[in-house]
S.K.: 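Structure provided below as structure tokens; questions to follow.
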Amino acid sequence: MATLKEIAQEAGVSLATVSRVLNEDPSLSVKEETRQKIVEIAERLEYKTSSARKGIHKGRLHFLSVYAYPQSTEVNDPYYLAIRYGIETQCARLNIELTHCYHGGEGRELPAVDGILVVGSLTPERLVQLQHSSPQLVFIDCRSQREFDSVDVDLALISQQVVDFFVTQGHRRIGYIGGQHDGPDLRELAFTDYGRRLGVVQEQDLYRGDFSSASGYRLAREMLAGDWPSALFVASDSIAIGVLRAIHEKGLAIPQQIALISVNDIPTAKFTFPPLSTVRIHSELMGSQGVNLLVERLRDERDIPLRVLVPSKLTLRGTTG
């Protein structure tokens with residue numbers, strides 16, 4: 001069976017044009033002879049549109065949302081749950097059919113769709129496989145795909161802002177407790193590089209696990225068993241909840257004996273004891289803007305990749321005084 005790419009090459013038009021013609025997009029403006037040519041090639045090559053395969057309404061877009069991680073990650077870190085919620089809400093608002101799959105869609109047959117939202121990082125091999133379902137991809141929370149549209153937050157800038165804040169507060173030794181999925185986290189890399197240049201970060205004060213509260217608790221207990229720094233940058237609020245428990249068990253006063261700032265500003269952050277100082281990331285907006293980028297790319301047949309950076313904000317609460 002033919003692919004959209006084969007039809008586009010034979011017709012001499014873009015992939016987006018082929019997709020929108022075959023899915024009868026009413027907003028598409030194209031010459032009638034071009035439309036007829038695409039349809040004839042598709043019929044000759046026995047191509048079936050995603051509408052025909054899925055039985056959805058003609059003209060209605062169908063997106064696939066591929067998450068690089070298991071669904072259990074959303075339980076451990078509401079940051080990822082909010083991204084999915086943003087995707088779902090915007091697709092519902094725009095009447096877009098949406099299919100989810102986790103673990104990068106490994107082990108399942110993926111449907112042919114109009115576009116794909118990828119949350120997180122995938123291997124090059126899996127990326128090639130996804131493009132058989134649709135060549136139109138938008139990445140969310142991924143910094144390694146420059147040739148595609150992407151929605152992200154500037155984690156390097158966040159790390160620098162946290163270090164700068166602690167330095168202005170008089171801290172001369174700042175530690176880090178974080179997590180990682182498929183390699184070093186950008187927060188840690190930026191924090192380490194910038195902090196070392198300022199002379200406030202040492203290798204012995206860097207602790208890595210996963211993004212769960214249990215990991216934060218375990219790593220903080222390990223850190224506090226020795227000589228600990230006076231301030232901590234914690235990669236996520238979920239990790240920070242475990243860190244707070246370990247600090248309380250140690251009997252340390254927050255922020256007098258140890259201060260901390262985390263990232264995400266999840267709903268429970270303001271209800272911890274003391275309330276978490278954290279960097280607010282609008283993760284739900286990241287999901288909805290990913291949908292908007294994909295819709296706009298299809299509508300306007302844009303080939304130049306765009307990168308949208310969602311702003312963040314440092315919110316100071318009880319863990320910094």
Side-chain angles (χ1 to χ4, degrees), residues 1-11 13-28 30 38-39 41-42 45-68 83-84 87-88 90-91 94-142 144-151 287-306 308:
M1 185 166 55
T3 64
L4 288 175
K5 184 176 181 181
E6 291 171 338
I7 298 171
Q9 288 175 339
E10 187 166 339
V13 298
S14 70
L15 289 166
T17 298
V18 172
S19 176
R20 294 174 68 186
V21 167
L22 295 181
N23 284 285
E24 299 183 25
D25 185 350
S27 65
L28 177 64
V30 67
I38 292 172
V39 172
I41 293 173
L45 297 179
E46 298 182 345
Y47 178 83
K48 291 184 178 181
T49 66
S50 60
S51 296
R53 297 179 194 185
K54 295 291 293 182
I56 60 177
H57 300 299
K58 291 183 177 181
R60 185 184 183 191
L61 292 175
H62 181 199
F63 288 171
L64 178 67
S65 191
V66 178
Y67 307 92
I83 290 178
R84 174 166 66 84
I87 292 172
E88 290 177 340
Q90 191 66 1
C91 282
L94 298 177
N95 193 32
I96 296 171
E97 183 84 4
L98 180 63
T99 299
H100 297 289
C101 62
Y102 291 85
H103 274 301
E106 298 285 353
R108 61 174 290 183
E109 183 178 351
L110 301 179
V113 292
D114 298 294
I116 301 176
L117 297 150
V118 180
V119 184
S121 301
L122 299 177
T123 63
E125 296 76 18
R126 190 54 183 160
L127 182 58
V128 170
Q129 294 171 348
L130 284 183
Q131 289 178 291
H132 291 306
S133 294
S134 173
Q136 305 298 335
L137 274 67
V138 171
F139 283 80
I140 302 172
D141 194 38
C142 175
S144 60
Q145 300 295 341
R146 300 300 183 185
E147 66 269 35
F148 297 99
D149 286 356
S150 64
V151 181
S288 63
Q289 288 305 305
V291 174
N292 291 342
L293 264 184
L294 194 49
V295 170
E296 180 265 333
R297 185 177 184 88
L298 290 168
R299 183 194 66 209
D300 298 342
E301 301 181 48
R302 174 175 49 77
D303 295 321
I304 299 174
L306 297 179
V308 174

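The analysis underlying the following values was restricted to heavy atoms, covering all of them including side chains, and did not include hydrogens, waters or symmetry mates.
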S.K.: Just to verify, what does Glu301 make a side chain to side chain contact (heavy atoms under 4.5 Å, CB included) with, not counting sequence neighbours?
M.R.: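 Side chain to side chain contact (heavy atoms under 4.5 Å, CB included) check on Glu301 returns Ser14, Ala16, Thr17, Arg20, Leu28.
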S.K.: Could you tell me if the side chain of Val113 sits less than 4.5 Å from the side chain of Thr99, heavy atoms only?
M.R.: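 No. Closest side-chain heavy atoms not under 4.5 Å.
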S.K.: Looking only at heavy atoms, what is the nearest atom pair of Gly290 and Ile140, with distance?
M.R.: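 For Gly290 and Ile140, the tightest heavy-atom pair comes out as CA-CD1, 4.0 Å.
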S.K.: Roughly how far, to the nearest 0.5 Å, is CD of Glu97 from CG of Asp114?
M.R.: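 If I round to the nearest 0.5 Å, the distance is 10.5 Å.
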S.K.: Got a second to check how far His103's NE2 is from Arg126's CZ, nearest 0.5 Å?
M.R.: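 Here the rounded value is 12.0 Å.
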S.K.: Of the non-hydrogen atoms in Gly120 and Cys142, which two are nearest, and what is the gap between them?
M.R.: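 Residues Gly120 and Cys142, closest heavy atoms: O-CB, 3.4 Å.
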S.K.: Less than 4.5 Å apart, any side-chain heavy atom of Cys101 and any of Leu110?
M.R.: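 They are in side-chain contact.
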S.K.: Glu88: which residues meet the side chain to side chain contact (heavy atoms under 4.5 Å, CB included) condition with it, sequence neighbours left out?
M.R.: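 Applying side chain to side chain contact (heavy atoms under 4.5 Å, CB included) to Glu88 gives Arg84, Leu98, His100.
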S.K.: What distance do Gln136 atom CD and Leu293 atom CG have between them, rounded to the nearest 0.5 Å?
M.R.: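 Those atoms lie 12.0 Å apart.
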S.K.: With a 4.5 Å heavy-atom cut-off, do Arg60 and Asn95 have their side chains touching?
M.R.: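 Of all side-chain heavy-atom pairs linking Asn95 with Arg60, at least one is under 4.5 Å.
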S.K.: Quick one, Ile87 and Val119 - any side-chain contact, counting heavy atoms below 4.5 Å?
M.R.: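 The answer is yes, as the side chains (C-beta and beyond) meet within the 4.5 Å cut-off.
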S.K.: Name all pairs fulfilling the salt bridge (charged side-chain N to carboxylate O under 4.0 Å, His left out) condition that reach into residues 128-139, sequence neighbours left out, sorted by first residue then second.
M.R.: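 Pairs touching residues 128-139 that pass the test: none.
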S.K.: Measuring from atom CG of Asp141 to atom OG of Ser121, what distance do you get when rounded to the nearest 0.5 angstrom?
M.R.: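 Reported value, rounded in 0.5 Å steps: 7.5 Å.
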S.K.: For residues Asp149 and Pro305, report the shortest heavy-atom separation together with the two atoms involved.
M.R.: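 It is OD1-CA, 3.2 Å.
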S.K.: So, taking the atom named CD in Gln90 and the one named CG in Leu294, what distance separates them when rounded to the nearest 0.5 Å?
M.R.: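 Between atom CD of Gln90 and atom CG of Leu294 there are 11.5 Å.
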S.K.: For Asp303 and Arg297, which heavy atoms make the closest approach, and how far apart are they?
M.R.: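 In terms of heavy atoms, the two residues are closest at O-NH2, 3.5 Å.
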S.K.: Once you round to the nearest 0.5 Å, how far does CD1 of Ile83 lie from OG of Ser288?
M.R.: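 So the CD1 of Ile83 and the OG of Ser288 are separated by 10.5 Å.
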S.K.: Picking from Val291, Ile116, Val138, Leu94, what satisfies side chain to side chain contact (heavy atoms under 4.5 Å, CB included) with Phe63?
M.R.: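 Of the listed options, the one satisfying the test is Val291.
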S.K.: Side chains of Leu127 and Phe139: does their closest heavy-atom pair fall under 4.5 Å?
M.R.: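 They are in contact (side-chain heavy atoms under 4.5 Å apart), so the answer is yes.
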